[in-house]
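Data block below; observations after.
Numbers here simply count residues along the sequence, with the first being 1. Start at 1 and go down the list; that is how both ligands and their atoms are numbered.
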Amino acid sequence: MGETIAAISTATGSGGIGIVRLSGDRAKDLGQKMFRTKNNEPLDLEKHRYLQYGHIVENDHRIDEVLCVFMKGPGTYTREDMVEIYCHGGRIALSKVLDYCLRLGARLAEPGEFTKRAFLNGRLDLSQAESVIDLIDAKSSKAYDQGMLQLSGALGEEFRKIENKLMELSGLIVANIDFPEDDIEILNREKLEKISEDLDKRVNHLIQSASRGKMLKDGIKTVIVGKPNVGKSSLLNVLLKEDRAIVTDIPGTTRDSIEEYISLDDVVLHIIDTAGIRDTEDKVEKIGVERSVAAMDQADIILALFDQSRPLDQEDKNLLDLLKGRKVFYILNKQDLSEGSQDQEMKEFFQGEEVFSISALNKEGIEDLEEALKKLYYTGEVDSQDLAITNVRQLDVLRRTKKSIEAIKDAVKMDIPMDCIEVDVKEALDSIGEITGKTLTEDILDRIFHEFCIGK
Ligand code: GDP
């Protein structure tokens, strides 16, 4: 690697302190050149992992008053020598110190380069490295917990198990090709079948966890639909507990989608409020309607609103048609205006569905709705401590691996010659290797770490 890199590792903007981080062979030299104690001593390299008080000084000019720490590799994040300088947390102080590092020969770190080095030097496996982004970007404590679980290496362990099983398969196949006596072959075919079934189960389990992982990471994608004036904006406001969406009496005022994140305890709803679904010639609104349908396609849950103080009309019925086969909570709003009988009639209409009677105006019935939303995440057998795939790239790799494993399973069942099965095993190993690191290319690595921020 050679080059010594430097970056501001804290977020932009003002803060109490900000940190400039250096990593690489020359980190200690640079630290010694830049830092002076009160007694004009350079950074003491014997004091490994000790904070030292002093100034960043250039030609007798004090750039900032700082704390500085030298950390000797390999016991560091990157496994290289590192220096961290705790400056005053303003843009000017930080960029002056960073600029000084660069003038002394450090190179500005690329996004995620510290973590990339941690990976390349064996400090983290790839799934751990990728979990670092999830930790930083976590929108809920549950998402954070999942990030921590992945950072512990638990997910990497699971991927390695899959890889080991594939290698076992590969070994059996090679043995068979080399010693094709019949009795061994029969024995091995049974083993092959067992291992490929087991592999299929493991990979499927991980793939299935991805929808929960996605909800964890991005929030439960929630779309609110209903014809104009049924109370969509009002419901959104109640859920948000503040007046953010515009509420009016004129049908069709919420023309644009509004996106909000709502935290219900530690589960996050990613709410998309769309324009009312209705037959309309109005151009602007028509775009809104199309958008609603598109949003429904992506939603984890649809909150479909109806005005229970009026009988269902054609527009409501059109909406009901659109909702068929989707995951929907039917919400009968304006409970305060309904006279009971109609309410009952509607309830019959929605029989067998998940129905909530609320008043967005009086904030009645909202708690039940919120509880049901929370349960979407904590469903049945799902243990919130379970590993979940939260990374799209990893999901893509798993899908490809699954395809190869299915081919292996079929081939074993159909008594296809061993050397043909070997091709599929090789493919599966190549795919999973993109996570375990065995078949990573520079290109994939670059893509992974470019999602990071600079300084991480
Ligand atoms: P949207 O067009 O579906 O977003 O509907 P709004 O939220 O803008 O509400 C339309 C009108 O219905 C407003 O005047 C709200 O105050 C009123 N409204 C909403 N919810 C209720 C409710 O539960 N009870 C009553 N009485 N009025 C409501």
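Taking the charged nitrogens against the carboxylate oxygens, Arg160 and Asp125 do have a contact shorter than 4.0 Å, which makes a salt bridge. Taking 4.0 Å as the cut-off between side-chain N and carboxylate O, Arg117 and Glu113 count as a salt-bridged pair.
Ligand 1 has an N or O atom lying under 3.5 Å from an N or O atom of Leu361, backbone or side chain.
Residue Asn229 touches ligand 1 through backbone and side chain together, judged by heavy-atom distances below 4.0 Å.
Nearest heavy atoms, Gly226 versus Leu319: CA-CD2, 3.7 Å.
Close approach of ligand 1 to Leu337 (heavy-atom distance below 4.0 Å) involves ligand atoms 26 (N).
Evaluated by nearest non-hydrogen atom to atom 7 (O) of ligand 1, the leading choice among Ser234, Gly226, Ala360, Ser309 is Ser234. Among Lys227, Lys232, Lys334, the residue whose heavy atom lies nearest to atom 1 (P) of ligand 1 is Lys232. Nearest residue to atom 5 (O) of ligand 1 from Ser338, Gly231, Ser359 is Gly231 (criterion: closest heavy atom).
Among residues two or more places apart in sequence or in another chain, the salt bridge (Lys or Arg N to Asp or Glu O under 4.0 Å) test is passed with Asp218 by Lys214. With sequence neighbours excluded, no residue forms a ring-ring contact (aromatic ring centres under 6.0 Å, His included) with Phe114.
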